[in-house]
Amino acid sequence: MAYSKLFYLVDQEKNRQKEGINLIASENYTPKIIRDLVGSVLMNKYIEGKPGHRYYSGCAFIDQIELEAIELFKKLFNADHANVQPHSGSQANFAVYFALLQPGDIILSMNLASGGHLTHGAKVSMSGSLYKIISYGVDPKTELIDYNEIQRLAYEHKPKLIIAGASSYARTIDFKKFSEIAYEVQAYFMADIAHTAGLIAAGIYQSPVAYADIVTLTTQKTFRGPRGGVILCKAELAAKIDRAVMPGIQGGAFGHEIAAKALSCHLAMNIDFVDYQKKVVACAKAMAAEFYLLGYKVVSGGTDTHLLLLDIRALGITGKDVEKILEKINIFVNRNAIPFDTLPPLQAGGIRIGTAAIVSRGATLADCIQIVQIIHGVLSNMGNNELHEELKAQVKKITSTWNEV
Ligand code: DSN
């Protein structure tokens, strides 16, 4: 491939992002000033170690940037300690395991079908092969977390670590209850807020920071920053966590990403950010209600967050099918396992829909309702290519009124 083709493909991707409706709940549109920092000269510098204790010379300026990022995350989330070096949320989680656990130790975490993350102990993840995983799910009737069941499992298995937090759980999580259970069985308690970090920073979703020993997050989802991970923890675990990140599981940190994380923190302290997060949740609730009115099964009956899950098994197609059909009209969702799913994750009985990205582009509540109606139009008229073309044109029209990407 000629190198010019790379730039051509980036342009094509930009168009796809511009003309498409992005409902992938883990994605967002990062502001250009943050993207500029990611592409800055900071990328040229090796920064192994901590500020003031590096393995390379020439870190005077980057040290100040990393110290600023640490202070900003501590302040925003009211945390004792922050490590801003993890390259991703998965790295953040593995650093926590490396800091606190020995191979074979027991982790109590949410199963994948109920909303848990791969790194919380899925069999195909290193977390599932290094540690003994006991899983909790949701109540079959309410599809909500069943805290009595978690308590029962905790007493029975005496885990060393209990994890709360998920990739596809749409409801409020009672972090206080989790911490009480962890305390009763003398387990560490970690909250993974990768998805809800933005909502928490804006104060519209319960923060686990006061309750959890450790909190991990990513900065690219609702937080609307660069791709990357952050670990927040109690003061007494700070040294263990820092050592586990570097040299435990990483070498050089990414100074360009750390600067961008600091900037995203500054932006998250702005009042506009609170308005944005409120709109994100209002749009998700409106979409869930509209799907419900149109006869769809919304997992757990609705949402308290930026995402909702649809159980689409009654349509006689899989989540993968829906993903592919909607992609043809430039609506992007992802297939997702649903509680007690009998299909393999690559097919999946559901789809996950998130509003963080479209609200960043300027989507209104009316747009969100229209998007649901377009999706319904597609799914209830399978094979009607003419109608699908019309709906694709509606997608283009909606996105043409939104902000640039
Ligand atoms: N894969 C991400 C998500 O979509 O939720 C989490 O890592």
Side-chain angles (χ1 to χ4, degrees), residues 17 20-30 86-97 107 109-128 133 135 138 145 163-171 173 190-200 205 215-231 249-250 257 261 264 280-281 284 299-300 303-310 319-320 322-324 326-327 331-339 341 344-360:
Q17 292 189 15
I21 293 178
N22 181 3
L23 299 174
I24 294 177
S26 46
E27 295 183 6
N28 210 329
Y29 295 94
T30 309
H87 300 327
S88 70
S90 297
Q91 301 283 85
N93 288 349
F94 279 108
V96 174
Y97 306 154
I107 298 178
S109 58
M110 189 180 230
N111 66 51
L112 212 50
S114 300
H117 189 249
L118 281 171
T119 58
H120 295 178
K123 277 204 175 67
V124 290
S125 156
M126 199 166 81
S127 57
I133 306 298
S135 300
V138 291
I145 291 174
I163 303 177
S167 282
S168 53
Y169 184 73
R171 295 303 198 163
I173 296 177
M190 170 182 128
D192 179 341
I193 59 164
H195 268 267
T196 48
L199 311 182
I200 290 169
Y205 190 86
V215 175
T216 59
L217 61 122
T218 53
T219 43
Q220 72 269 20
K221 299 186 177 87
T222 52
F223 200 70
R224 204 162 56 179
R227 304 194 81 85
V230 172
I231 304 174
I249 64 152
Q250 287 184 182
E257 295 288 347
K261 285 174 191 173
S264 64
V280 165
V281 176
V299 172
S300 83
T303 181
D304 304 318
T305 64
H306 62 300
L307 67 84
L308 56 124
L309 274 175
L310 292 186
K320 182 181 176 186
V322 174
E323 190 185 296
K324 295 281 166 232
L326 293 179
E327 186 168 12
I331 292 184
F332 302 95
V333 300
N334 71 284
R335 74 196 83 167
N336 212 97
I338 46 167
D341 210 336
L346 279 176
Q347 302 293 323
I351 55 168
R352 186 181 64 165
I353 289 177
T355 51
I358 57 171
V359 174
S360 288

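Both counts, for ligands and for their atoms, begin at 1 and track the order of listing.
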Pick out which of Asn22, Ile351, Leu310 makes a side-chain contact (heavy atoms from CB on, under 4.5 Å) with Val333. Ile351
Considering non-hydrogen atoms of the protein only, which is the closest contact for atom 5 (O) of ligand 1, and what is the distance? His195 NE2, 2.7 Å
Would you please test Asp192 and His120 for side chain to side chain donor-acceptor pair (under 3.5 Å) and show each step? CA-CA 9 Å; Asp192 179 341; His120 295 178; 2.8 Å; yes
Atoms in ligand 1 flagged as close to Ser167, the criterion being non-hydrogen separation under 4.0 Å: 5 (O), 6 (C)
Using side-chain hydrogen bond (donor to acceptor under 3.5 Å, both in side chains) as the criterion, point out the one residue from Thr30, Asn28, Thr355 that pairs with Ser360. Asn28
Could you tell me whether a side-chain N or O of Thr219 sits under 3.5 Å from a main-chain N or O of Arg227, the two making a donor and an acceptor? no
Atom 1 (N) of ligand 1: nearest protein contact (heavy atom, Å): His117 NE2, 4.4 Å
If you measure from each non-hydrogen atom of Arg352 to ligand 1, which part falls under 4.0 Å: side chain, backbone, both or neither? side chain
